[in-house]
Amino acid sequence: MKRDTNWQSIGIGIVAIAIISLVAWALFHEISKAPWQFITILIALFGALITFAGNLQIQIRNEQKPKKTEIYDQVINFFFDSILASKLGREPKNEGELVQGFADMTPDLILWASDDVLNLYIEFRRMASSNTLGSPNNPILLFGRLLLAMRKDLGHQNKKIDEVSILGTFVNDIENLSR
């Protein structure tokens, strides 16, 4: 992947230099002979460059998606294991295990998570360390926003789902908490 990205960067650089050179040459020598043909070619070249850049962004996103999916899956499983341990007949995580879990997740989230997901994760960690369950940004609702941000980063639209409904998949009476 790294080698492919370097060749892509070199290719974009060569295309950009060629377009700039063509424009400079045409401006100084050929534009007076055929201005409309020049403008048509220039528009086509810029369109091709924009399309190429857009396709490159899509390719990068598609290459990152499996890693993001893996990391988001680990984050969600960690929280579900922590929250639902006693209901699943397991021993709840102690403070050391929770700290270790956060320590393991954070570097991956810093590298791979979208800006929205990372900001919500940082805010969640801050809120979870203080007792603010009565505030509109309590950690439980903030976790719901974090789940929605992860889904959005993976391509979901989230048009018919909000943090209360997504939290309702594993938290009883979530509607009472959000009021």
Side-chain angles (χ1 to χ4, degrees), residues 1-9 11-12 51-179:
M1 185 172 133
K2 176 90 170 143
R3 186 174 285 176
D4 290 343
T5 304
N6 288 342
W7 282 110
Q8 290 169 347
S9 298
I12 290 173
T51 301
F52 181 76
N55 287 340
L56 185 60
Q57 289 299 317
I58 290 169
Q59 180 183 354
I60 290 169
R61 254 182 300 187
N62 288 339
E63 289 174 358
Q64 290 177 345
K65 191 172 183 177
K67 184 66 176 175
K68 286 183 177 199
T69 302
E70 176 188 330
I71 291 165
Y72 292 165
D73 186 53
Q74 289 172 356
V75 170
I76 290 170
N77 285 329
F78 173 78
F79 282 104
F80 273 66
D81 287 347
S82 301
I83 294 168
L84 301 174
S86 60
K87 290 186 179 186
L88 296 172
R90 293 187 224 146
E91 192 69 29
K93 293 185 185 305
N94 62 39
E95 185 177 349
E97 292 170 324
L98 291 172
V99 169
Q100 184 62 51
F102 280 112
D104 292 342
M105 285 187 291
T106 301
D108 286 337
L109 287 170
I110 289 170
L111 289 175
W112 293 96
S114 69
D115 292 349
D116 290 340
V117 171
L118 186 58
N119 282 328
L120 286 168
Y121 175 73
I122 292 166
E123 188 177 348
F124 175 80
R125 294 226 18 217
R126 280 191 203 129
M127 296 293 283
S129 65
S130 62
N131 187 10
T132 55
L133 294 178
S135 76
N137 283 331
N138 74 59
I140 296 169
L141 293 177
L142 201 53
F143 181 63
R145 289 176 43 209
L146 178 65
L147 292 173
L148 290 175
M150 287 178 191
R151 286 176 46 86
K152 183 178 179 185
D153 190 29
L154 294 175
H156 297 284
Q157 297 297 314
N158 294 335
K159 289 184 179 181
K160 296 181 181 180
I161 191 167
D162 62 6
E163 63 264 10
V164 173
S165 59
I166 201 166
L167 288 169
T169 61
F170 64 96
V171 176
N172 296 333
D173 298 326
I174 189 66
E175 295 84 13
N176 296 336
L177 181 63
S178 64
R179 292 182 190 158

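Computed from a predicted model, the values in this text were never measured in an experiment.
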With a 4.5 Å limit on heavy-atom distance, are the side chains of [X] and [Y] in contact?
X    : Y    : result
F79  : F124 : yes
K152 : L148 : no
L142 : R145 : yes
Y121 : M105 : yes
N94  : L98  : no
L147 : Y72  : no

D73 (side chain) donor-acceptor with T69 (main chain) under 3.5 angstrom:
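Answer holds: no.
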Answer yes or no: is there a donor N or O on one side and an acceptor on the other, between the side chain of D153 and the main chain of A149, under 3.5 Å?
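No: the side chain of D153 does not pair with the backbone of A149.
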Near R126 CZ, under 6.0 Å, is it more than 12 heavy atoms from other residues, nucleotides or ligands?
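Open: at most 12 neighbouring heavy atoms sit under 6.0 Å from CZ of R126.
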Counting only heavy atoms not in D115 (residues, nucleotides, ligands), do more than 12 fall under 6.0 Å from its CG?
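No, CG of D115 has 12 or fewer neighbouring heavy atoms, counting only those of other groups under 6.0 Å.
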If we count only N and O atoms by modelled type, under 3.5 Å, do the side chains of D104 and Q100 hold a donor and an acceptor together?
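Checked: D104/Q100 side chains pair up, N/O donor to acceptor below 3.5 Å.
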Please round to the nearest 0.5 Å and tell me the distance separating atom [atom1] of [X] and atom [atom2] of [Y].
X    : Y    : atom1 : atom2 : result
Q64  : S114 : CD    : OG    : 10.5 Å
K68  : W112 : NZ    : CH2   : 8.5 Å
D116 : L120 : CG    : CG    : 6.5 Å
E70  : D108 : CD    : CG    : 7.5 Å

Start with the C-alpha distance between L56 and I60, add both sets of side-chain angles, then the distance that settles side chain to side chain contact (heavy atoms under 4.5 Å, CB included), and finish with yes or no.
CA-CA 6 Å; L56 185 60; I60 290 169; 4.2 Å; yes
Pick one: which of M127, R125, E123 meets side chain to side chain contact (heavy atoms under 4.5 Å, CB included) with P139?
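Exactly one candidate clears the test, M127.
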Looking only at heavy atoms, which two atoms of A85 and P92 are closest? And how far apart?
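A85 and P92 have their closest heavy atoms at CB-CA, 3.8 Å.
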Do you know which two heavy atoms are closest between L146 and V117, and how far apart they sit?
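So the minimum-distance heavy-atom pair works out to CD1-O, 3.4 Å.
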Result block: side-chain N/O donor-acceptor pairs under 3.5 angstrom for residues 163-171, not counting sequence neighbours:
| from | atom 1 | to | atom 2 | distance (Å) |
| --- | --- | --- | --- | --- |
| S165 | OG | D162 | N | 2.9 |
| S165 | OG | D162 | O | 2.9 |
| S165 | OG | D162 | OD1 | 3.0 |
| T169 | OG1 | I166 | O | 2.7 |

After noting the C-alpha distance and the side-chain angles of R151 and Q157, does the key distance pass the side chain to side chain contact (heavy atoms under 4.5 Å, CB included) rule?
CA-CA 8 Å; R151 286 176 46 86; Q157 297 297 314; over 6 Å; no
Taking only residues at least two apart or on different chains, which pairs with a member in residues 75-98 satisfy salt bridge (Lys or Arg N to Asp or Glu O under 4.0 Å)?
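Qualifying pairs, neighbours excluded: D81-R90.
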